[in-house]
K.L.:
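The structure is given below, and queries will be raised subsequently.
Throughout, protein chains are lettered first and strands after them, A, B, ... in sequence-line order, and every chain is numbered starting at 1.
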2 protein chains.
Amino acid sequence: MKPTLQTVADRVGVSRSTVSNAYSRPDQLSPELRERILDAARELGYSGPNPTARSLRSGRAGAIGVLFTTALSIAFTDPYAVQFLRGLAEVAEDNRTGLLLVPLRDDDEGALEAVRNAAVDGFVVYCVPGWYKAMEAAWARGIPVVNSDHFGSLFVGIDEIASTRAAGEHLMRLGHRRVAIVADYISPDRRTGEVSVPSVEDLGSYVSRERLTGYRDAFAAAGLEWSEVITISAAGNSREHGAAAAAYALDRAPRPTAVVATTDLLALGVLDALAARDLRPGRDVSVIGFDDIPDAAQAHMTTVRQPALDRGRIAGRLLLDPPDDPADRRVVLPTELVVRASTGPASTGSV
Amino acid sequence: MKPTLQTVADRVGVSRSTVSNAYSRPDQLSPELRERILDAARELGYSGPNPTARSLRSGRAGAIGVLFTTALSIAFTDPYAVQFLRGLAEVAEDNRTGLLLVPLRDDDEGALEAVRNAAVDGFVVYCVPGWYKAMEAAWARGIPVVNSDHFGSLFVGIDEIASTRAAGEHLMRLGHRRVAIVADYISPDRRTGEVSVPSVEDLGSYVSRERLTGYRDAFAAAGLEWSEVITISAAGNSREHGAAAAAYALDRAPRPTAVVATTDLLALGVLDALAARDLRPGRDVSVIGFDDIPDAAQAHMTTVRQPALDRGRIAGRLLLDPPDDPADRRVVLPTELVVRASTGPASTGSV
DNA sequence: TTGAAAGCGTTACCAA
DNA sequence: TTGGTAACGCTTTCAA
């Protein structure tokens with residue numbers, strides 16, 4: 001039989017409350033009694049109050065649920081995601097709170113149940129396309145939910161549209177007119193290949209939708225029709241998928257003078273594809289990514305920098321201590337276009 | 001006021017038990033009554049049984065605690081670790097169980113409390129040096145603990161010593177006699193630099209200790225004294241630390257003909273250091289890693305392959321369903337020396 | 001098929 | 001400073 005508070009109380013000859021206080025409110029009893037209680041506990045093999053019972057009574061689960069799609073391996077392969085998580089973990093730790101991972105593969109019943117059954121004080125959603133039913137389940141729980149994409153009552157993110165619009169303007173200024181865009185989550189069947197995106201607004205994935213919108217707007221302002229832009233779907237957010245997707249842009253004539261991607265991971269794949277074809281980034285083909293992960297700098301890649309760590313930190317703070325003022329419940333972080341060697345003037349003469 | 005089971009029961013005019021059954025045991029009541037209950041719940045905004053209360057009553061937390069040291073960012077930067085976690089997550093998911101991350105930075109009181117306060121059914125320990133007090137706290141909880149290093153009652157791992165012994169023998173066969181070893185966690189002050197390791201047995205880190213032992217034994221069998229081997233401590237398990245550590249081996253005369261590392265991440269750093277000095281791996285200096293992460297293959301690096309995904313999976317299974325037979329509670333997985341281009345005959349003539 | 005009663009192990013609150 | 005009492009919201013057992 002596992003020892004409980006009562007066991008210890010009986011042994012020392014005090015009440016449960018006193019033993020409870022010895023653990024949770026050391027200032028509420030004399031140091032010597034506390035010492036006696038702790039000794040008895042050790043002797044009995046009592047390792048402290050049962051976390052679950054404590055949670056039930058105190059109304060605090062002591063954990064934040066982290067909702068994300070895609071295999072764990074992908075989620076943690078993206079340096080951007082890891083940074084976000086790190087910021088979140090930092091704040092969680094400071095608040096004596098754990099992080100409960102809730103992977104949402106395949107939007108099935110199992111995922112729904114996982115969300116409903118998670119003993120957490122709130123959810124942080126990251127990389128979850130809006131169509132996931134699990135999102136509704138999270139809302140239904142009636143606990144705080146922080147979103148980075150579709151705007152909820154608690155939000156921390158960036159101005160996605162303005163970010164890629166700036167990137168697109170940069171491209172237009174350089175004179176590019178044959179442009180391809182690589183994005184994940186834009187093909188319903190999750191295949192890699194060229195897809196037609198007649199109306200960007202209808203895309204299910206918030207991130208891809210917004211980022212494409214920014215590019216579309218920038219192109220339009222420069223007189224480049226959206227219908228002339230090649231849109232390619234990547235089956236997932238990885239370097240390999242990016243390279244595979246890039247092939248659909250690079251192996252056609254006339255070849256685009258610029259290939260932009262919705263994430264750095266994809267864009268790095270585009271660079272790989274260029275290298276495989278002996279094409280020079282910024283000379284033969286310009287490339288732009290998004291996130292500014294460390295590898296982007298190393299690859300001299302033009303990209304949009306966003307504060308991943310801060311996003312995570314702020315998500316944690318919003319969740320643990322939701323501001324009353326609605327204005328404070330939505331945080332939009334600044335981004336910055338980082339121009340490096342992977343973009344250059346359009347070489348209009350190329351094949 | 002948040003709705004509870006009782007709220008719903010009152011609304012429908014049934015007892016709590018029946019509502020409970022509607023969620024947890026659908027076969028225990030008529031489909032139509034269940035439907036009525038679920039409808040009422042929806043109407044009242046009741047999102048299902050409170051996970052904490054359910055846990056308390058049923059005695060199942062529905063989560064596995066994952067104990068690890070080092071910043072989250074480092075932990076998730078190592079592809080080996082991510083694979084392990086992925087295997088674990090897979091099994092957890094199949095068993096409707098979550099993963100609670102419990103980072104153990106700086107072995108302080110906070111970490112202890114985090115372990116004591118984690119609402120979990122067991123702990124999986126990974127990358128935690130044996131000296132951490134948090135480990136004791138985990139054991140004290142009286143719930144299953146799966147270890148990959150210091151042998152507990154539940155264990156899944158590999159024969160570390162035999163693995164590096166094979167690698168060491170490979171090196172000896174190639175004629176290397178000037179050898180350096182890069183390892184993390186072998187310097188008490190966590191600095192990068194050459195350290196003296198008179199007796200390998202005394203190292204605090206299980207992994208480094210075992211892997212060094214294997215090399216030591218292989219060298220000894222070939223007549224190479226341990227005292228002649230250069231041991232270098234890396235401040236952490238990362239490519240950068242590996243490169244920094246390698247400098248202590250490469251920038252000395254006579255230069256070692258081989259530099260081995262206790263992880264692939266470190267070994268990749270060694271390769272970086274070689275490249276920075278225009279030294280050719282396998283010709284000028286032989287390099288061996290450990291883990292066989294994808295980048296290792298890409299870098300044509302000789303290394304020891306271990307089944308990371310399986311390790312994670314088995315850890316999960318051991319925890320969720322501990323075998324009765326003690327023999328089944330310890331699983332040792334096979335490893336394999338993968339010889340690639342980074343090792344070659346010792347070029348004895350080099351400076 | 002449904003319901004009543006008894007906890008699960010703790011903390012909050014108030015009285016002593 | 002300490003103790004008694006009453007929940008926290010649920011599941012389980014057993015009886016109807």
K.L.:
Between B:Lys2 and A:Val14, name the one whose nearest nucleotide on DNA chain D is closer to the 5' end.
P.N.:
A:Val14
K.L.:
Within the structure, does a side-chain N or O atom of A:Ser15 lie under 4.0 Å from either OP1 or OP2 of D:dT2?
P.N.:
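No, A:Ser15 has no side-chain N/O under 4.0 Å of OP1/OP2 on D:dT2.
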K.L.:
Round to a whole Å and report the spacing from CZ of B:Arg16 to P of D:dT12.
P.N.:
14 Å
K.L.:
Can you give me the closest heavy-atom contact between B:Leu319 and B:Phe123, atom names plus distance?
P.N.:
CD1-O, 3.6 Å
K.L.:
Work out which heavy atom in B:Ile64 is nearest to a heavy atom in B:Val120; give both atom names and the distance.
P.N.:
C-CG1, 3.9 Å
K.L.:
What contact category does B:Tyr46 fall into here, base, sugar-phosphate, or nothing, at under 4.0 angstrom with non-hydrogen atoms?
P.N.:
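Since only primed, P, OP1 and OP2 atoms lie under 4.0 Å of B:Tyr46, the category is sugar-phosphate.
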K.L.:
Phosphate oxygens OP1/OP2 of C:dT1: is one of them under 4.0 Å from a side-chain N or O of B:Thr18?
P.N.:
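It does not, given that no N or O in the side chain of B:Thr18 lies less than 4.0 Å from OP1 or OP2 of C:dT1.
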K.L.:
Heavy atoms under 4.0 Å, any strand shown: does A:Leu5 hit a base, just sugar-phosphate, or nothing?
P.N.:
base
K.L.:
Could you measure the distance from the OG1 atom of A:Thr7 to the CG atom of A:Leu5? Nearest 0.5 Å is fine.
P.N.:
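Separation between the atoms: 8.0 Å.
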K.L.:
Contact list please: residues 48-56 of chain A against DNA chain D, heavy atoms, distance less than 4.0 Å, in numerical order.
P.N.:
A:Leu56
K.L.:
Verify the distance criterion only: is there a donor paired with an acceptor across the side chains of B:Ser153 and B:Arg329 at less than 3.5 Å?
P.N.:
yes
K.L.:
Do B:Ser17 side-chain and C:dA4 base share a donor-acceptor contact under 3.5 Å?
P.N.:
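Indeed, a donor on one side and an acceptor on the other fall under 3.5 Å apart.
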K.L.:
From CG of A:Asn21 over to P of C:dA12, roughly how many Å is that when rounded to an integer?
P.N.:
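About 9 Å, once rounded to whole Å.
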K.L.:
Tell me: OH of A:Tyr23 to P of C:dG9, nearest whole Å?
P.N.:
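So the two atoms are 15 Å apart, to the nearest Å.
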K.L.:
Roughly how many Å is it from CG in A:Asn117 to P in D:dC10, rounded to a whole number?
P.N.:
12 Å
K.L.:
Roughly how many Å is it from CD in B:Gln6 to P in D:dC10, rounded to a whole number?
P.N.:
9 Å
K.L.:
If you pin B:Ser58 and B:Asp27 to their nearest nucleotides in DNA chain C, which one's is more 5'?
P.N.:
B:Asp27
K.L.:
Just wondering, do A:Arg42 and A:Ile37 contact through their side chains at under 4.5 Å, heavy atoms?
P.N.:
no
K.L.:
Between B:Ser20 and D:dT11, is there a contact of a side-chain N or O with OP1 or OP2 at under 4.0 Å?
P.N.:
yes
K.L.:
Which angle, rounded to 10°, do you find between the first-five-pair axis and the last-five-pair axis of the helix from C:dT1-D:dA16 to C:dA16-D:dT1?
P.N.:
30°
K.L.:
Has the side chain of A:Arg57 got a donor or acceptor atom sitting under 3.5 Å from an opposite partner on the base of C:dT10?
P.N.:
no
K.L.:
So which heavy atom on A:Ala138 is nearest to which on A:Leu67, and how close?
P.N.:
CB-CD2, 4.0 Å
K.L.:
Give the minimum heavy-atom separation between B:Ser148 and B:Tyr206, together with the two atoms involved.
P.N.:
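Nearest heavy atoms, B:Ser148 then B:Tyr206: O-CE2, 3.9 Å.
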K.L.:
Looking across every strand, which nucleic acid part, if any, lies under 4.0 Å from A:Arg25 by heavy atom: base, sugar-phosphate, or nothing?
P.N.:
sugar-phosphate
K.L.:
Measure the distance from CD1 on A:Ile37 to P on C:dT10 and round it to the nearest whole Å.
P.N.:
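Distance, rounded to whole Å: 13 Å.
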K.L.:
Could you label the plane-to-plane angle of the B:Phe84 and B:Tyr126 rings as parallel, tilted or perpendicular, counting under 30° as parallel and over 60° as perpendicular?
P.N.:
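The rings of B:Phe84 and B:Tyr126 lie parallel, inter-plane angle below 30°.
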K.L.:
Which whole-number value in Å describes the distance from B:Leu33 CG to C:dT2 C1'?
P.N.:
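Rounded to the whole Å, the gap is 9 Å.
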K.L.:
With side chain to side chain contact (heavy atoms under 4.5 Å, CB included) as the criterion, how do B:Val145 and B:Phe155 come out once you've worked through the C-alpha distance, each side chain's angles and the decisive distance to 0.1 Å?
P.N.:
CA-CA 8 Å; B:Val145 177; B:Phe155 172 89; over 6 Å; no
K.L.:
Which atom names give the shortest non-hydrogen contact between B:Leu44 and B:Arg11, and what distance separates them?
P.N.:
CD2-NH1, 3.1 Å
